[in-house]
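Some notes on the structure that comes next.
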Amino acid sequence: MGMPLIYAIILVAIPLASTADQLSPKECENLGFTGLALCSDCNTFAEYVKDEELVADCLKCCTEDSDDSMSKITYSGAILEVCMRKLVFYPEIVGFIEEEKEKFPSVKVQYAFNSPPKLIMLDDDGQYKETIRVDNWKREHILQFLREKLKPALTAI
């Protein structure tokens, strides 16, 4: 079996893996896949990382690519999780918590030891749906994201 044939088999098998059952957001986070990963990102990932199991896990945690798919997803609430001791390193997060958070009554702040700043997006039942790291986000990016992703009736803006 030649190398090009093996790569062809892998490239055919990778899209098939994306139809496998999806993992929960918590399972994906435990595997290191957080945020809004698109399945096309996993295919790019596969070009550089030759670990089929890792690529398969990525495909179980990704969202199908579509022009409108991500823009239409909304959430009922969110939890901003951060380590209180690390807040000093994230002035943008501190600014959001102190000056902007009251505009979003459905956003709760949760302090967890050693947790990087992240938004945990919640569905109508209060269940975790998506986790997005926000360590490098500016305050205005957090505001814009929450305005777009939280259901309008739940924001005070």
Side-chain angles (χ1 to χ4, degrees), residues 17-18 20-157:
S18 67
D21 53 332
Q22 295 284 18
L23 296 176
S24 74
K26 198 70 173 168
E27 291 171 312
C28 290
E29 185 177 347
N30 289 340
L31 290 170
F33 297 105
T34 59
L36 302 170
L38 298 174
C39 292
S40 62
D41 295 335
C42 295
N43 294 331
T44 303
F45 183 58
E47 293 175 24
Y48 298 96
V49 176
K50 302 303 178 193
D51 184 333
E52 291 177 37
E53 186 177 345
L54 193 57
V55 172
D57 287 342
C58 180
L59 289 166
K60 290 178 185 176
C61 294
C62 68
T63 303
E64 286 300 324
D65 298 50
S66 166
D67 290 340
D68 296 333
S69 67
M70 296 312 291
S71 62
K72 291 181 181 176
I73 297 173
T74 58
Y75 302 96
S76 293
I79 298 170
L80 175 58
E81 185 177 280
V82 65
C83 176
M84 191 176 277
R85 290 179 173 198
K86 291 183 177 180
L87 265 178
V88 67
F89 301 111
Y90 303 106
E92 297 286 339
I93 305 293
V94 172
F96 171 80
I97 292 170
E98 292 178 351
E99 299 172 25
E100 311 286 354
K101 193 226 152 288
E102 72 276 354
K103 296 176 183 173
F104 301 93
S106 63
V107 175
K108 307 296 180 226
V109 178
Q110 175 175 297
Y111 297 101
F113 180 72
N114 216 22
S115 176
K118 58 187 160 195
L119 282 169
I120 302 167
M121 307 309 291
L122 308 172
D123 65 10
D124 292 337
D125 299 322
Q127 299 298 311
Y128 291 14
K129 281 294 166 199
E130 188 130 35
T131 302
I132 300 114
R133 294 272 302 258
V134 294
D135 344 34
N136 298 319
W137 287 24
K138 296 204 175 296
R139 183 189 322 188
E140 57 265 20
H141 298 145
I142 296 170
L143 289 168
Q144 179 182 359
F145 180 81
L146 291 175
R147 282 186 197 115
E148 291 174 7
K149 295 300 181 180
L150 288 180
K151 292 186 178 172
L154 299 175
T155 61
I157 295 176

So which heavy atom on A78 is nearest to which on L146, and how close?
-> CB-CD2, 4.5 Å

Interatomic spacing from CD in Q127 to NZ in K26 - rounded to 0.5 Å | 12.5 Å

Hey, does V134 have a side-chain heavy atom less than 4.5 Å from the side chain of V82?
-> no

With distance as the sole test, does K129 use its side chain to make a donor-acceptor pair with the main-chain N or O of G126 at under 3.5 Å?
-> no

If you round to the nearest 0.5 Å, how far is NZ of K86 from CD1 of I93?
-> 13.0 Å

Are C61 and C28 close enough that their SG atoms are less than 2.5 Å apart?
-> yes

Given side chains that start at C-beta, do those of L150 and M121 come closer than 4.5 Å, heavy atoms only?
-> yes

Drop me the distance from L143's CG to F96's CZ, to the nearest 0.5 angstrom.
-> 6.0 Å

Residue pair K151 / D124, side-chain heavy-atom distance below 4.5 Å = yes

Please list, chain by chain and in numerical order, all residues satisfying side-chain hydrogen bond (donor to acceptor under 3.5 Å, both in side chains) with E27, sequence neighbours excluded.
-> S24

side-chain contact (heavy atoms from CB on, under 4.5 Å) assessment of E92 paired with I142 = CA-CA 9 Å; E92 297 286 339; I142 296 170; 5.5 Å; no

Output for pair (K149 NZ, Y75 OH), nearest 0.5 Å, gives 6.0 Å

Do F145 and W137 make the cut of ring centroids closer than 6.0 angstrom?
-> yes

Output the distance between atom CG (D57) and atom CD (E52), rounded to the nearest 0.5 Å.
-> 12.0 Å

Answer yes when E29 and K118 have at least one side-chain N-carboxylate O distance shorter than 4.0 Å, and no when they do not.
-> yes

What distance do L80 atom CG and F104 atom CZ have between them, rounded to the nearest 0.5 Å?
-> 11.5 Å

Heavy-atom pair with the smallest gap, counting every atom of C62 and C42 | CB-SG, 3.8 Å

